[in-house]
Number of protein chains: 2
Amino acid sequence: MRHSRYDANPGCSVEAALEVIGGKWKGVLIYHLLGDTLRFGELSRRLPGVTQRMLTQQLRELESDGVIERKVYAQAPPRVDYSLTEFGRTLGPLFLLMRDWGDAYLARRDIPRAEDT
Amino acid sequence: MRHSRYDANPGCSVEAALEVIGGKWKGVLIYHLLGDTLRFGELSRRLPGVTQRMLTQQLRELESDGVIERKVYAQAPPRVDYSLTEFGRTLGPLFLLMRDWGDAYLARRDIPRAEDT
DNA sequence: CAGCATCCGCGGGGATACTG
DNA sequence: CAGTATCCCCGCGGATGCTG
């Protein structure tokens with residue numbers, strides 16, 4: 001038997017999930033990796049504003065959480081590919097919901113609706 | 001036309017969502033309010049470790065984001081009820097997924113599986 | 001290219017005390 | 001009870017410089 005509703009112990013699982021995906025850049029990072037395997041440089045280009053330091057750190061944390069995979073190619077010009085693990089891909093549905101909800105949220109903000117309080 | 005997959009602009013919506021629910025105590029807070037309308041005191045009792053300062057702050061932010069509602073009763077012993085707004089309730093499905101994923105994540109951690117890398 | 005090391009500022013957030 | 005106000009610490013994270 002699992003839990004049927006919003007019962008049981010607080011939101012421990014929820015906290016755990018947020019701890020994994022709630023990092024400063026992790027959301028966007030995972031979101032991008034849901035679409036593609038990407039190199040370090042490509043990621044930093046897609047996240048204008050993130051410093052290398054932060055990017056590395058967040059990637060490492062996601063890696064140790066089993067969400068992403070780090071593949072290093074022993075080449076002259078170094079190359080590192082980042083991709084989601086099988087487990088990481090299970091975040092897909094969650095992120096689709098998050099995106100949709102975020103959309104709705106942003107829409108609400110932009111149209112402050114004068115009618116309802 | 002909306003977006004069909006993980007295309008379009010980064011994860012702007014995802015970021016927006018995480019900004020709303022990603023606060024230090026917001027996840028648990030919302031999770032608890034999904035089940036019940038709760039008073040300030042009850043919330044602080046359910047979140048051992050949170051300070052009044054933080055609790056108030058997080059609640060206020062969620063309120064201004066339109067996620068929760070704050071109802072003040074003009075009574076001798078002050079009483080304030082917190083509940084999710086209609087919009088806040090749309091977070092329900094998202095949180096169920098988060099809880100399930102968090103569960104899976106925690107299970108993975110506890111059973112480090114020696115077989116796969 | 002893909003990092004790691006170091007330095008450092010600032011603000012998130014804890015502890016405590018006070019109030020309507 | 002449900003907060004606000006104040007003080008203060010520490011660690012997140014930016015900036016910069018160096019390396020395999």
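In what follows, every chain begins at residue 1, and chains take the letters A, B, ... in the order their sequences are listed.
A donor-acceptor distance shorter than 3.5 angstrom exists from the side chain of T85(A) to the backbone of G66(A), with no hydrogens or angles considered.
Listed by chain and number, the residues in a side-chain hydrogen bond (donor to acceptor under 3.5 Å, both in side chains) with T90(A) are W101(B) (sequence neighbours excluded). Residues forming a side-chain hydrogen bond (donor to acceptor under 3.5 Å, both in side chains) with R53(A) (at least two apart in sequence, or on another chain): none. Judged as a side-chain hydrogen bond (donor to acceptor under 3.5 Å, both in side chains), and not counting sequence neighbours, the contacts of E42(B) are R45(B), R46(B).
Taking five base pairs at each end of the helix from dC1(C)-dG20(D) to dG20(C)-dC1(D) and finding the rotation axis that steps the C1' atoms of four pairs onto the next four gives two axes whose angle is 50°, to the nearest 10°.
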Donor-acceptor list for residues 67-78 of chain B side chains, cut-off 3.5 Å, not counting sequence neighbours:
from, atom 1, to, atom 2, distance (Å)
R70(B), NE, Y82(B), OH, 3.2
Y73(B), OH, D81(B), OD2, 3.2

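In this structure, CG in L84(B) is found 11.0 Å from CD in E86(B), a value given to the nearest 0.5 Å. Within the model, atoms CZ of R108(A) and CG of D103(A) stand 14.0 Å from one another, a figure rounded to the nearest 0.5 Å. Rounding to the nearest 0.5 Å places CG of D65(A) at 11.0 Å from CD1 of I21(A).
With a cutoff of under 4.0 Å to any heavy atom of chain B, the contacted region of DNA chain C is bounded 5' to 3' by dG13(C) to dG20(C).
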Whether each nucleotide of nucleotides 1-15 of chain D has a protein heavy atom under 4.0 Å at its base (B), only at its sugar-phosphate (S) or at neither (-) is summarised, 5' to 3', as BSBS-B------BBB
Can you list the steps and then say if L43(B) with L59(B) is a side chain to side chain contact (heavy atoms under 4.5 Å, CB included)? CA-CA 10 Å; L43(B) 280 171; L59(B) 285 169; 4.0 Å; yes
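Pairs passing the side chain to side chain donor-acceptor pair (under 3.5 Å) check and including a residue from residues 21-30 of chain A, sequence neighbours excluded, read K26(A)-E61(A).
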